[in-house]
Structure formats: structure tokens, C-alpha cells
Number of protein chains: 2
Amino acid sequence: MTGWGAGSALPGLTSENLALLDRLSSMDVPKGTVLFRPGETVKGFVIVLSGRVEVFLTGPTGRDILLYSVEPGQSCVQSTLGLLGGEDYSGEASTATEARVVLVPRDMFLRLIDNDPGFRGFVFEAFAQRLQSMMHLLERVAFQRIECRLAQALLARAEEDCVNATHAELAALIGSAREVVSRRLDALARRGIVELERGTVRILDTETLRHLGEDAD
Amino acid sequence: MTGWGAGSALPGLTSENLALLDRLSSMDVPKGTVLFRPGETVKGFVIVLSGRVEVFLTGPTGRDILLYSVEPGQSCVQSTLGLLGGEDYSGEASTATEARVVLVPRDMFLRLIDNDPGFRGFVFEAFAQRLQSMMHLLERVAFQRIECRLAQALLARAEEDCVNATHAELAALIGSAREVVSRRLDALARRGIVELERGTVRILDTETLRHLGEDAD
DNA sequence: GCCCTGTCGGTGACTTGGTCACGCAGGGTT
DNA sequence: AACCCTGCGTGACCAAGTCACCGACAGGGC
């Protein structure tokens, strides 16, 4: 019994199943750990309890793109894919912060799916959300200009008008190349919208940035 | 009772639920009909019995990209999304051929999900497959060259070394612009790999085309 | 036959974005 | 101090998307 409080993350489970989940041991993982790589077979259903896990796709040229990030209480859909369809991972997941995760073994996962409506709902909804967000991502990648995506990423990542990320990290967030991000940021800085420092971007004009982040259809 | 043979499309259902599904009336839809548009709310769970339904995303510049196509026996995941997560459609679905579809009403869908393991499995697997294929699509769009994607599309669409599609259609298949496809095809024709006619592309050198369709990592 | 109209495809000029190959600056380590 | 690693800036080049055209063809109506 690890007492990680499955109740808060998984509302609606029957108490006996909750107890079952509670008995699983959670793992603490340091920041930057790779949880799985493309081609690996799936060991179980992963739920993130705290911290953040990011799933990236890597292109042949070494360029990365963030598929989605898994926040506390969410599951990593990639693992579900493998459990249900027998497919292997195709993205690479690593911890963006130190994190605490639980791994639900395959047979237990399948049993829960079959006899617990609450758990089922949890999995289904996670699925639906991911699929939806993947479609939005695809839409952005296929149709939106870099400037637009960059503005969105900056706003999303900002803490008190400050973004702590290298240009390379920002590039991965929006699925572009480091050089391109550098040039765009430079352009934004020239216009007085942001201020650049090694490792951080300070947002000076949130309003204009928000405007740039909107679709120009 | 429409007798559309749910059994073949949905193996593993209990006989009573099969009968329930069989009692739904199917619809015949002519080629080119738009089944749903972005922003519409979801009326039910859609299953395609015959023909092909294609789901596109449209960019602000009018450019289209094929998200996936729904073959007989498959369901349209977009409709599932709406039923489970309450989200609206974000793609546009239309029939690529004349087609026969069934619409499972929302409440019946939810009941089936809850009490029929076979139906549940069907939905889950469809979900998993779509998500997987969306990730592959994203990978192609984000990282692969046009020539590569075009070669794949041509091979996938070929019937006896002949592809009956306009340049605009091919462009939508691979998420590019018509002009770009025209130029690429022209380049392929110059190299003697294909032969162009109004409305069709004839493949002369399948081997080279297959080679072009492989990733160049 | 002829014309009209809509679809299909070709083309040039331009812009945006990705790739490659650098080089330089700051902050640690030894 | 010499070193190295990481983050960032830059120029050149290429691939791809956009815009504005134009001609070529097919089908229908007269």
C-alpha cells in the first residue's frame, strides 16, 4: 500500500479496485529520465502522479516535436496503445521534471477495463483527449506559421512573463529548428515584444504576443 | 431489421446486442456527400458498411489534408470523440465513394460500451489504430519530404500501376499544395518514373518509386 | 459544327521555413 | 590558464508554400 491516493486521480472507481491500485508501488523518477523509446514493447499502463512527462517524436534529422505532455492524474496514452492494439511505442517519453509514476501491469489493466466502469471512463476520456489534441497539433504543424506557434508556446510556458527554456527546447515544443526559433525570437526582440537572455525569454508585451498567437485566417 | 450483417464487422458481440444493431436502419449516401463539418455536434456513433469515407482537415489557406479514411467495418473516430469527451468535430468527413453507413444513437452507444465487451473492444481498437495512424501522419507531415510522401501516396493508390486522381486530390492526400504536387510529378515524369495524363498518373518504374518512398534517414 | 463554362494542369516570382556549417561567448572544471 | 560544453548568432543554400496568372481540355447546349 503506497497510499498515493488513487481516489483523486481516478474518480468513480469501485473501492475494491481502488484498494487494488493503491497496493501498487509507485516509482520516483529523476528529471530527464527516458521512460520509453520507439520500438520498445509495452510493459503496462502508466499513470503520472506528480511531475510532468513529455512525449516527443524525433525526425531523421534529429529534430524533435512535442506530441503531448502528461500531467499529474493523466495516463500515457502510448502505453494504452500497446496494451490494446499490440503496437509498439513510436514516440520517446522522458520526464520534464522529477516525477512519480505508477505502472499498472497489463493483466490488471485489462481486468479493470472489463469490470470497472469508472476506470473504463478514465481510459476512454484520456484517449479522446489525446486524439483531439493530436489533431490540433497536426493542424498547427500543417497550417500555422512559425511565428504563431512560437507566440502560443511562449504564452503557454510563461511564469510571471518569464519563459525558462533554451531556444532548442522551444524549437522542440513547436516542432521547428533551433535556428529558426532564434531568428524569430530575435525579430520579436527587435520589435520590443520580448527580451532575450541566455536560457530565458522575458515577455514584455503580452497583448501583442497573444495577438500573434491567433490564427490569421 | 436491415440485415447488414453486423456480425462480420463486429465480431464478439452478444447475440442480443447484434440483433439490436441489426434493427437500426442503414443509410445509402452518394459519393461526395459531406457527413459532418467542423463545429457540428455529434449525433451518434458512425459505422461504415460499404464504400469509403474520408476525413479531412482544412487549413486557413484552403489547403486540405487527409486525416484518415474509414473503410468498411470501421467506425469514424471523430464521432466517438464527441460522444465520450463532449468535443465537437474538428475535421470534415465526406464520402469518397457511394457508401452505406449506420448511425448508432448516443444512448445506445453508451449502453453498448458499458455492457458488451465485444463492442467495447471494437471501439477501443478503432481508437488505438486511429491514434497510432495519426501519429504516423504527424511524423510524415513534420519530417518527410514531399517527394517521399508523394511516392507513398502514388503506390498506395495505384491500381494496376495507374492512379486515378487529380493533382489537387493527390495534394490533399499528402497535405501539400497542388502546384507543388504538379512540379514534383513533372520531375518524376522527366526521370521516366511516371507518365502523366489528365486525371491519371501511370507508374512506369515501381521499384524506383518504392525507393523514393522510403525514409532517407 | 461553334461557343461557353468549369475543371485541370503548368509557370514564374516571391516568401517562409529547414538544413548545413560555421563561429563566438559564457560558465564550469581541472 | 587552458579546456570544454552548452547556448546562441549568422550566412548560404535548398525545399516547400503562396499568389497570380494562363492555356488546354471536356462536356453540354445551341
Side-chain angles (χ1 to χ4, degrees), chain A residues 31-32 57-65 138-154 162-190 194-202 212 215-217, chain B residues 31-32 57-65 138-154 163-191 194-202 212 215-217:
Chain A
K31 174 175 176 172
L57 214 55
T58 302
T61 56
R63 226 168 85 220
D64 280 349
I65 179 170
L138 188 54
E139 195 168 2
R140 284 200 298 275
V141 170
F143 299 127
Q144 276 189 342
R145 326 177 63 82
I146 289 292
E147 192 174 52
C148 192
R149 287 191 266 157
L150 181 56
Q152 290 170 3
L154 287 175
C162 231
V163 180
N164 288 304
T166 66
H167 295 186
E169 284 165 359
L170 289 172
L173 280 185
I174 65 174
S176 176
R178 204 250 323 151
E179 298 92 318
V180 177
V181 170
S182 281
R183 283 191 253 260
R184 286 288 136 198
L185 282 175
D186 188 55
L188 291 180
R190 266 183 235 280
V194 299
E195 202 175 45
L196 302 180
E197 259 169 81
R198 189 184 175 86
T200 72
V201 179
R202 195 179 319 281
L212 287 176
D215 248 344
D217 34 334
Chain B
K31 174 175 177 174
L57 214 56
T58 302
T61 58
R63 229 168 85 222
D64 280 349
I65 179 168
L138 188 55
E139 195 168 3
R140 285 200 298 277
V141 170
F143 299 127
Q144 274 188 344
R145 328 175 63 81
I146 290 292
E147 192 174 53
C148 192
R149 286 190 267 157
L150 182 56
Q152 290 170 3
L154 286 176
V163 180
N164 288 304
T166 66
H167 295 186
E169 284 166 359
L170 289 172
L173 280 185
I174 65 174
S176 176
R178 204 249 323 152
E179 299 92 316
V180 178
V181 170
S182 280
R183 283 191 254 261
R184 286 289 133 196
L185 282 175
D186 188 55
L188 291 179
R190 264 183 236 280
R191 293 167 61 187
V194 299
E195 204 175 43
L196 301 182
E197 258 170 82
R198 189 186 175 85
T200 72
V201 179
R202 195 179 320 282
L212 287 176
D215 248 345
D217 34 335

Output, in order, the C-alpha distance, side-chain angles, deciding distance and verdict of side chain to side chain donor-acceptor pair (under 3.5 Å) for B:N164 and B:T200.
CA-CA 4 Å; B:N164 288 304; B:T200 72; 4.7 Å; no
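- Remark: side-chain polar atoms of B:R202 are not paired, donor with acceptor, to backbone N or O of B:E197 under 3.5 angstrom.
- For the pair B:D64 CG and D:dT18 P, the interatomic distance rounds to 12 Å; values are reported in whole Å.
- At a cut-off of 3.5 angstrom, counting only N and O atoms as typed in the model, there is no donor on one side facing an acceptor on the other between the side-chain of A:E179 and the base of D:dC8.
- How far CZ of B:R178 is from CG of B:L185: 11.0 Å, rounded to the nearest 0.5 Å.
- A distance of 13.0 Å separates CZ in A:R149 from CG in A:L170, rounded to the nearest 0.5 Å.
- Looking at heavy-atom distances under 4.0 Å, A:R178 makes contact with a base.
- Distance B:R140 CZ to D:dA16 P: 16 Å, rounded to the nearest Å.
- With D:dT18, C:dG17, C:dC8 as the choices, the nucleotide that has an atom nearest any side-chain atom of A:R145 turns out to be C:dG17.
- Between B:S182 and C:dG9, a side-chain N or O to OP1/OP2 separation shorter than 4.0 Å is absent.
- Phosphate contact (OP1/OP2 of C:dT16, side-chain N/O of A:R184, threshold under 4.0 Å): absent.
- Regarding A:F143, its CZ atom lies at a distance of 19 Å from the P atom of C:dT16, rounded to whole Å.
- B:R183 contributes a side-chain N or O that forms a donor-acceptor pair with the base of C:dG12 under 3.5 Å.
- The distance from the CG atom of B:L188 to the CZ atom of B:R184 is 8.0 Å, given to the nearest 0.5 Å.
- Side-chain N/O atoms of A:R198 include none lying less than 4.0 angstrom from OP1 or OP2 on C:dA25.
- Phosphate proximity of D:dA16 to B:S176: absent, as no side-chain N or O sits under 4.0 Å from OP1 or OP2.
- If you measure from atom CZ of A:R63 to atom C1' of D:dA15, you get 12 Å, rounded to the nearest angstrom.
- For the pair B:L170 CG and C:dC8 P, the computed distance is 12 Å after rounding to whole Å.
- In this structure, CG of A:N164 is placed 11 Å from P of D:dC8, rounded to the nearest angstrom.
- For the pair B:H167 NE2 and D:dC25 P, the interatomic distance rounds to 14 Å; values are reported in whole Å.
- The nearest whole Å value for the distance from the CD atom in B:E169 to the P atom in C:dC8 is 7 Å.
- For B:T166 and C:dC8, the shortest distance from a side-chain N or O to OP1 or OP2 is not below 4.0 Å.
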